[in-house]
Enquirer: 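Please find one structure pasted underneath; my questions will follow.
Just so it is clear, the model here is predicted, and its values are computed rather than measured.
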Amino acid sequence: MRVRGNYLLLFILSFGVFGILNTEMGVIGILPDIAAQYDVSVTQAGLLVSLFAFAVALAGPTMPLLFSGIDRKKVMLLVLSIFIAGNMVSIFTNSFNVLLLARIIPAFFHPIYCSLAFTVAAASVSKDEATKAVSKVFIGVSAGMVVGVPIVSFIASAANLQLAMAFFAIVNIIVFIATLLFLPSMPVKERLSYGRQLSVLKKSITLLSIVGVILLNSAVFGVYSYFAEYLKAVTNISPKLISLIFFIFGSANIIGNVVAGKLLTKNASKTVVIYPFILAIVYIILFFTGGFTVSVLFITLAWGILAGIGGNINQYWITSSAPEAPDFGNGLFLSACNIGTTIGAAVGGTFITELGTRYVILVGILSLILGLVSILFRNYLSNSTKQLSL
């Protein structure tokens, strides 16, 4: 599929993914405000994040599959409409339970838009340039996960909670209009049967890829989930400096997306194998120098870049194992990432409870070791299959 104005297409897709991820992650910065507004505990307010992620994990393998045969522009408009409706309800409701439903229902449609965005981006360019195109869409993922949080938090503190909630709706409305006006119809030329798409799960390479992505995502977010606590307890720095460090991580994450596109295009297999080693070195340095502020600043920059590269690696690792079912493959990627985040956060919490905050780094190193084993095993199976076919 070739689309006129490829840069405009990629920008709209990236901004669209930003709107979806911003809706998911943006509330992190206003959870105390939500708790106060709806008279619930911060833990209860946290369900707005955890249940959203759980819904994405459940819907990842199924929802993109169900909508895989429908015109992609129509599906994107449908998903954006559902998100806009949920955003509007979130602005005006006085019930926490209604607010929870207004987030959970759109969450089930989250994997549809994101998987389509990756698929359409890859298909809009030549095969050699596909990873670069996908990396541009990943900029929206990083921005949605990081940039949206301080923006929404600032709006809530400068104005009120309702206006902060309105920011989610405004972004998705802009994307809806841009999609409606500037993207052409994108019918699916060859509709794949559900059975054919599900058959990729029979391949050992695909299953190993899923395991690898779960572990690699656990390696990043198992540590990142507790990074604020780490900076407070181990590095012993002020809340303002913690905010700066998170901003550095987010900015570096965006840089990592650009770097990943070039690395994966040049030599994907080598990049995937080397990645766990480099990230492990960064974690080891952080473990021994985490008490020094200057060291943490530089480590955060390197870690943020690697985290951005890692997100692209995860998407490539699964979709390259199931090229015959790209939409389903991207859905599996999203689900595996959310499962990895959940497992990593749970194990990281256990390490903190049993050993102390400093040792949360171990969940990252352990996940990387296991992830490397799955990567090398997949490469071995892939090479063996190629030799047999020859």
Enquirer: Between I205 and V373, is there a shared hydrophobic cluster once you connect ILVMFWY residues whose side-chain heavy atoms come closer than 4.5 Å?
Expert: no
Enquirer: Within the 3.5 Å criterion, strictly below it, is a donor on D71 or S185 matched to an acceptor on the partner's side chain?
Expert: yes
Enquirer: I'd like to know if F182 and V79 are part of one continuous hydrophobic network [Ile/Leu/Val/Met/Phe/Trp/Tyr, side-chain heavy atoms within less than 4.5 Å].
Expert: yes
Enquirer: Return the set of residues passing side chain to side chain donor-acceptor pair (under 3.5 Å) with N267 (not counting sequence neighbours), or none when no residue passes.
Expert: none
Enquirer: Quick check on side-chain contact (heavy atoms from CB on, under 4.5 Å): which of I214, V56, I210 does I339 satisfy it with?
Expert: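 It is I214; the other options fail the test.
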Enquirer: Testing I299, T300, I305 for side-chain contact (heavy atoms from CB on, under 4.5 Å) with V282, which one passes?
Expert: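 Between V282 and the candidates, side-chain contact (heavy atoms from CB on, under 4.5 Å) is satisfied uniquely by I299.
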Enquirer: Kindly state each residue pair satisfying salt bridge (Lys or Arg N to Asp or Glu O under 4.0 Å) with at least one member in residues 198-219, sequence neighbours excluded.
Expert: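 Those involving residues 198-219 are K203-E324.
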Enquirer: Are any of the side-chain heavy atoms of L215 and I369 separated by less than 4.5 Å?
Expert: no
Enquirer: Considering residues at least two apart in sequence or located in another chain, which fulfil the side chain to side chain donor-acceptor pair (under 3.5 Å) criterion with N330?
Expert: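 If we apply the side chain to side chain donor-acceptor pair (under 3.5 Å) test to N330, skipping adjacent residues, the hits are T119, Q315.
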Enquirer: Work out which heavy atom in A59 is nearest to a heavy atom in P64; give both atom names and the distance.
Expert: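 That closest heavy-atom pairing would be O-CD, 3.4 Å.
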Enquirer: Which residues pass the side-chain contact (heavy atoms from CB on, under 4.5 Å) test with L58, not counting sequence neighbours?
Expert: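 Result, side-chain contact (heavy atoms from CB on, under 4.5 Å) vs L58: F54, F108.
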Enquirer: Between I274 and V259, is there shared hydrophobic-cluster membership here, with clusters defined by ILVMFWY side-chain heavy atoms closer than 4.5 Å?
Expert: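 In one cluster: yes.
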Enquirer: Taking C-beta and beyond as the side chain, do R358 and I361 meet within less than 4.5 Å on heavy atoms?
Expert: no
Enquirer: For residues 33-42, pull every pair meeting side-chain hydrogen bond (donor to acceptor under 3.5 Å, both in side chains), keeping only residues two or more places apart or in separate chains.
Expert: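 side-chain hydrogen bond (donor to acceptor under 3.5 Å, both in side chains) check on residues 33-42 returns S41-Q44.
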Enquirer: For the residue pair N312 and Y316, establish whether any side-chain heavy-atom pair is separated by less than 4.5 Å.
Expert: no
Enquirer: Identify the heavy atoms of E24 and V27 that sit nearest to each other, and give their distance.
Expert: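 Shortest heavy-atom separation between E24 and V27 comes out as O-CG2, 3.8 Å.
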Enquirer: Are L13 and L116 close enough that some pair of their side-chain heavy atoms sits under 4.5 Å apart?
Expert: no
Enquirer: Would you give me the side-chain donor-acceptor pairs under 3.5 Å for residues 160-181, sequence neighbours excluded?
Expert:
unit_1 : atom_1 : unit_2 : atom_2 : d
N160   : OD1    : Q162   : N      : 3.2
N160   : OD1    : L163   : N      : 2.8
N172   : ND2    : T23    : OG1    : 3.3
N172   : ND2    : N87    : OD1    : 2.8
N172   : ND2    : F168   : O      : 3.1
T179   : OG1    : V175   : O      : 2.8

Enquirer: Mind checking what makes ring pair (Phe, Tyr, Trp, His ring centres under 6.0 Å) contact with Y283, not counting sequence neighbours?
Expert: W303
Enquirer: Restricting to side chain to side chain donor-acceptor pair (under 3.5 Å), what partner residues turn up for S218, sequence neighbours left out?
Expert: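 Scan of S218 (side chain to side chain donor-acceptor pair (under 3.5 Å), adjacent residues dropped) gives S367.
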Enquirer: Search all heavy atoms of D128 against all heavy atoms of T265 and return the closest pair with its distance.
Expert: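 Heavy atoms of D128 and T265 come nearest at O-CG2, 3.3 Å.
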Enquirer: Under the side-chain contact (heavy atoms from CB on, under 4.5 Å) test, which residues partner P276, sequence neighbours left out?
Expert: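 Checked P276 against side-chain contact (heavy atoms from CB on, under 4.5 Å); matches are L216, L368, L372, I375.
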Enquirer: Taking only residues two or more places apart in sequence, or in another chain, which ones meet T319 in a side chain to side chain donor-acceptor pair (under 3.5 Å)?
Expert: none
Enquirer: Search all heavy atoms of V363 against all heavy atoms of G344 and return the closest pair with its distance.
Expert: CG2-O, 3.9 Å
Enquirer: With a 4.5 Å heavy-atom cut-off, do L66 and I112 have their side chains touching?
Expert: no
Enquirer: What pairs meet the ring pair (Phe, Tyr, Trp, His ring centres under 6.0 Å) rule with one or both residues in residues 338-367, with sequence neighbours excluded?
Expert: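 Qualifying pairs: F287-Y359.
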Enquirer: Are Y230 and I284 connected in the hydrophobic side-chain network, where two residues link if heavy atoms are under 4.5 Å apart?
Expert: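 Yes, one cluster joins them.
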Enquirer: Using the test ring pair (Phe, Tyr, Trp, His ring centres under 6.0 Å), find all partners of F118 that sit at least two apart in sequence or belong to another chain.
Expert: F138, F333
Enquirer: Side chains of L263 and K270: does their closest heavy-atom pair fall under 4.5 Å?
Expert: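 The answer is no; the side chains never approach within 4.5 Å.
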Enquirer: Hey, any chance F288 and F298 share a hydrophobic cluster, counting ILVMFWY side chains that come within less than 4.5 Å of each other, even indirectly?
Expert: no
Enquirer: Cut-off 3.5 Å, side chains only: do R103 and S90 have a donor facing an acceptor?
Expert: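 The answer is no; no qualifying pair exists.
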Enquirer: Are side-chain N/O atoms of T341 and N217 paired as donor and acceptor at under 3.5 Å?
Expert: yes
Enquirer: For L10 versus A121, what's the shortest heavy-atom pair and its separation?
Expert: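 Result for this residue pair: CD2-CB, 3.7 Å.
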Enquirer: Could you go through the side chain to side chain contact (heavy atoms under 4.5 Å, CB included) check for F67 and R72 one step at a time?
Expert: CA-CA 9 Å; F67 287 83; R72 285 163 176 169; over 6 Å; no
Enquirer: List the steps and the verdict of side chain to side chain contact (heavy atoms under 4.5 Å, CB included) for F96 and L48.
Expert: CA-CA 10 Å; F96 181 74; L48 296 171; 4.1 Å; yes
Enquirer: Using the rule given for side chain to side chain contact (heavy atoms under 4.5 Å, CB included), can you reason through V40 versus L47, listing the C-alpha separation, both sets of side-chain angles and the distance that settles it, and then say yes or no?
Expert: CA-CA 11 Å; V40 297; L47 292 173; over 6 Å; no
Enquirer: Got a second to check how far T235's OG1 is from L241's CG, nearest 0.5 Å?
Expert: 9.0 Å
Enquirer: Determine the minimum heavy-atom distance between A133 and V125, stating which atoms define it.
Expert: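 Smallest heavy-atom distance, with atoms named: CB-CG2, 3.8 Å.
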Enquirer: Starting at CD1 of I245, measure out to CG of L297 and round the result to the nearest 0.5 Å.
Expert: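 Those atoms lie 5.0 Å apart.
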